Amino acid sequence: MRYAFPKKEKLKSKKLIDLLFEEGKSVSVYPIKLIYLRTALPENVRIQAGVTVSKKNFKSAVRRNRIKRLLRESYRLNKGQVFNNSDDTFAFLFLYLGKEMPNFGEIAPKMVELLHKFLVKEKTH
RNA sequence: UUAGCAGGUCUCCCUAUCGCUUUGUUCCGAAUCUUAAUCGGUUCAAAGAGGAAAGUCCGGACACCAUAGUGCGGCAUAGCGGGUAACGCCCGUCGUUCGCUAAUAUUAGCGUAACAGGACCAGUGCAGCAGAAAGUAUGUACAGGUAAGGCUGUAGUGAAAUCAGGUAAACUCUAUGCGGUGAAACGCCAUGUAAAUCGGUGUUUGAGGGUUGCACGUCCGAGCCGAAGGGUAGGCGGUUAGAGCGUAAUAGUAAUGUUACGACUAGAUAAAUGAUAGGGUAUCUUGUGACUUUUAGGAUAACCUGAACAGUUACAAGGGAAACAGAAUCCGGCUUAUGGCCUGCUUUUUUU
RNA sequence: GGCCCCGUGGCGCAACUGAAUAGCGCAUCAGAUUUCGGCUCUGAGGGUUGCAGGUUUGAAUCCUGCCGGGGUCA
């Protein structure tokens with residue numbers, strides 16, 4: 001399994017994002033929340049993922065960028081979990097709910113836990 | 001040693017692994033009669049945030065709007081001279097205020113100092129309290145003076161009391177400048193529905209729009225407005241080499257100009273430039289030793305012992321880039337935020 | 001990316017054509033009334049007018065620069 005996270009796997013369609021907020025389900029492991037939806041995607045990939053950080057909690061653009069990079073990085077390194085255990089196509093959106101600056105050591109284990117929780121929830125359905 | 005001001009300068013480096021974007025390139029596939037081009041994947045290589053990228057406060061470039069016209073309105077600037085593409089920016093200079101110093105009783109010199117610094121003999125307005133009186137003046141006391149009289153001076157209130165009064169960051173006037181809208185400008189391509197329904201209004205007696213704060217003028221002109229409902233919300237160009245940067249010479253008090261040479265691929269778009277691990281440097285903290293300086297005691301040619309603050313240096317241990325901050329069409333300024341280092345000046349404290 | 005508006009006691013608002021004690025309602029506190037509480041009545045406290053400069057004799061008000069909040073445009 002490769003750890004690449006190219007442009008095609010990024011969630012960009014405004015339409016899909018609106019749909020996610022309307023119809024998506026969610027799991028969360030504080031401080032990360034995952035909103036997801038089983039749906040068709042415009043590109044020929046299994047999952048499109050996006051990240052978002054509230055401007056209200058972090059006014060500095062530098063900090064918002066930093067958190068988004070950490071979220072992307074941790075997803076990139078751990079997405080193999082999902083690809084190996086599921087064949088459906090999904091749209092993902094990760095939200096950062098915390099109000100404190102995290103570091104990679106805090107984010108990465110939470111991401112692993114979150115993706116595991118997601119898989120368990122989907123299999124029971 | 002503390003704090004500040006001004007000027008200059010920098011905004012870590014190396015290795016490994018895993019990634020992102022752009023450009024070039026290798027190979028493979030799709031499509032096509034073939035090639036080129038195109039699309040998808042892939043190999044390798046190169047490049048990839050700032051001094052403020054920020055605030056959006058000024059000024060431009062550039063683009064579009066009818067060849068941007070006229071009148072009214074509106075906005076901005078304000079000694080003089082220069083610089084500049086331009087500016088509300090910068091430089092020089094004069095003046096005013098303030099502070100300091102020196103002599104002197106009003107000047108001179110200096111400054112990390114401040115200045116929106118045209119006009120109140122064009123007109124209009126405004127001035128609480130105090131005060132007799134606040135802009136059409138003139139009361140009291142004292143003194144002077146007249147033929148007579150607030151005719152003159154002083155006192156008193158106040159920021160200001162008849163003075164060509166004060167006030168324009170009051171209206172206003174003068175001079176100068178400004179057409180409007182901003183990359184969500186603008187051009188091209190693609191995708192999709194409903195050329196449907198209901199109501200109102202209009203077709204040369206002109207609805208509506210271009211058009212901007214208003215009016216006029218002018219151009220287009222058969223649709224337009226509302227209700228409920230349906231669809232799309234993608235791509236490409238604009239888009240990165242420039243009124244730019246460095247060095248030297250030269251003109252100028254300076255801002256800045258001129259000439260020569262040289263170097264320079266950031267272009268993202270739910271938004272790239274990152275993550276992890278290890279090491280190093282600048283540098284910081286602590287400890288030990290040596291030297292310098294000062295000082296106490298003893299000896300008295302240079303020496304010995306102890307103490308203190310500061311500095312220099314060597315070694316060891318530990319910490320180690322960490323401040324403000326993320327390009328979004330591009331430039332010139334201003335303002336604000338902020339960590340080092342260097343230079344100059346002012347300042348605080350301590351020791352001698 | 002552009003444009004516009006607003007900051008006054010704890011909360012909601014006045015005073016914005018400069019004038020000296022910055023006002024009103026609710027809330028808070030104290031007293032009266034009541035067996036107690038509420039209602040009612042009386043009184044009190046609470047403001048560097050977002051911050052920093054400037055103009056002026058005098059600034060919440062005028063001007064400039066910051067800070068914070070909100071809205072709007074495809």
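Values below: all heavy atoms of this structure, side chains included; hydrogens, waters and symmetry mates excluded. Just so we're clear, the structure is a prediction, and the values are computed from it rather than from any experiment. Chain letters run A, B, ... following the sequence lines, proteins first and then strands; every chain starts at 1.
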(message) Nearest whole Å is fine: how far is B:U276 P from A:Leu71 CG?
(response) 13 Å
Under-3.5 Å N/O pairs linking protein and nucleotides 324-330 of chain B:
| unit_1 | atom_1 | unit_2 | atom_2 | d |
| --- | --- | --- | --- | --- |
| B:G326 | OP2 | A:Ala61 | N | 3.4 |
| B:G326 | O6 | A:Arg69 | NH1 | 3.2 |

(message) Taking B:G234 as the reference, what is the distance to B:A190 when you measure between their C1' atoms (whole Å, please)?
(response) 8 Å
(message) Measure CG/A:Leu77 against C1'/B:G274 and give the value in whole Å, please.
(response) 11 Å
(message) How close do A:Ile67 and A:Pro102 get, counting heavy atoms only, and between which atoms?
(response) CG1-CD, 3.9 Å
(request) Could you please name the partner base of B:C12, counting Watson-Crick and G-U wobble pairs only when both distances are under 3.5 Å? (result) B:G280
(request) Once you apply the 3.5 Å cut-off to both distances, tell me the Watson-Crick or G-U wobble partner of B:C198, or none. (result) B:G226
(request) On RNA chain B, check which nucleotide each of A:Leu93 and A:Leu70 is closest to and give me the residue with the more 5' one. (result) A:Leu93
(request) To the nearest Å, give me how far apart CZ (A:Phe5) and P (B:G274) are. (result) 17 Å
(request) Name the orientation of the base relative to the sugar in C:G43: syn if the glycosidic angle is within 90° of 0, else anti. (result) anti
(request) Could you let me know what B:U56 is paired to, Watson-Crick or G-U wobble, both distances under 3.5 Å, or none if it's on its own? (result) none
(request) Kindly point out which of B:G274, B:G40, B:A271 is positioned nearest to the side chain of A:Lys10? (result) B:A271
(message) Using whole Å, what does the distance between atom P of nucleotide B:C20 and atom NZ of A:Lys68 come to?
(response) 18 Å
(request) Determine if the base of B:U276 is syn or anti; take syn to mean the glycosidic torsion is within 90° of 0. (result) anti
(message) Among residues at least two apart in sequence or on other chains, which ones pass ring pair (Phe, Tyr, Trp, His ring centres under 6.0 Å) with A:Phe5?
(response) A:Tyr75
(request) Please work out if A:Ile17 contacts a base, only the sugar-phosphate, or nothing of the nucleic acid, heavy-atom cut-off 4.0 Å. (result) base
(request) Could you pull out the closest heavy-atom pair between A:Leu71 and A:Met111, with the gap in Å? (result) O-CE, 3.9 Å
(request) Rounded to whole angstrom, note down the P distance from B:A103 over to B:A132. (result) 48 Å
(request) Determine which nucleotide pairs with B:G262, using a 3.5 Å limit on both distances of a Watson-Crick or G-U wobble pair. (result) B:C245
(request) In whole angstrom, give me the gap between the P atoms of B:A184 and B:G238. (result) 15 Å
(message) Are the side chains of A:Tyr36 and A:Lys121 in contact, using a 4.5 Å heavy-atom criterion?
(response) yes
(message) Is there a side-chain contact between A:Lys8 and the phosphate of B:G41, meaning an N or O under 4.0 Å from OP1 or OP2?
(response) yes
(request) Go ahead and name the base partner of B:G4; Watson-Crick or wobble counts if both distances stay under 3.5 Å, otherwise write none. (result) B:C345
(request) Taking all heavy atoms of A:Arg63 and all of A:Phe58, pick out the closest pair and write down the distance. (result) CB-CD2, 4.3 Å
(request) Rounded off to whole Å, could you give me the CG-to-P distance for the A:Asn78 and B:U276 pair? (result) 14 Å
(request) Give the minimum heavy-atom separation between A:Ala91 and A:Leu20, together with the two atoms involved. (result) O-CD2, 3.9 Å
(message) As a test of reading the structure: which of B:G40, B:A270, B:U22 is closest to the side chain of A:Lys7, going by heavy atoms?
(response) B:U22
(request) State the pairing partner of B:C80; accept Watson-Crick or G-U wobble contacts with both distances under 3.5 Å, and report none otherwise. (result) B:G92
(request) Have a look at B:A49 and give me syn or anti from its glycosidic angle (syn if within 90° of zero). (result) syn
(request) Would you indicate whether the side-chain heavy atoms of A:Val29 and A:Lys117 approach each other to under 4.5 Å? (result) yes
(request) Using only heavy-atom distances, decide whether a donor-acceptor pair under 3.5 angstrom links the side-chain of A:Arg72 to the base of B:C20. (result) no
(request) Flag the pair A:Phe104 / A:Leu77 as yes when at least one side-chain heavy-atom distance between them is below 4.5 Å, and no otherwise. (result) yes
(request) Taking atom P in both B:G326 and B:A52, compute the distance separating them and give it to the nearest angstrom. (result) 15 Å
(request) Decide, for B:U240, between syn and anti: a glycosidic angle within 90° of 0 counts as syn, anything else as anti. (result) syn
(message) Judged by each residue's nearest nucleotide on RNA chain B, which is more toward the 5′ side, A:Pro6 or A:Asn103?
(response) A:Pro6
(message) Side chain of A:Arg76 only, heavy atoms from C-beta on: which candidate in B:A271, B:U276, B:C18 is closest?
(response) B:C18
(request) Tell me the partner of B:U17, counting only Watson-Crick (N1-N3 plus N6-O4 or O6-N4) or G-U wobble (N1-O2 and O6-N3) with both under 3.5 Å; none if nothing fits. (result) B:A275
(request) Take atom C1' in B:U21 and the same atom in B:G192, then report the distance between them in whole Å. (result) 32 Å
(message) Return the pairing partner of C:G43 with a 3.5 Å limit on both distances, Watson-Crick or G-U wobble; otherwise return none.
(response) C:C29
(request) Nearest whole angstrom, please: distance from the P of B:G19 to the CE of A:Met111. (result) 18 Å
(request) Determine whether A:Phe92 and A:Leu11 make a side-chain contact, defined as any pair of heavy atoms from C-beta on separated by less than 4.5 Å. (result) no
(request) Could you measure between the two P atoms, the one in C:U49 and the one in C:C62, and give it in whole Å? (result) 16 Å
(request) For residues A:His116 and A:Val112, determine if any side-chain heavy atom of one lies less than 4.5 Å from a side-chain heavy atom of the other. (result) no
(request) Provide, to the nearest angstrom, the distance between the CZ atom belonging to A:Phe58 and the C1' atom belonging to B:A270. (result) 18 Å
(request) Give the rounded distance in Å between these two atoms: CZ of A:Arg64 and C1' of B:U269. (result) 15 Å
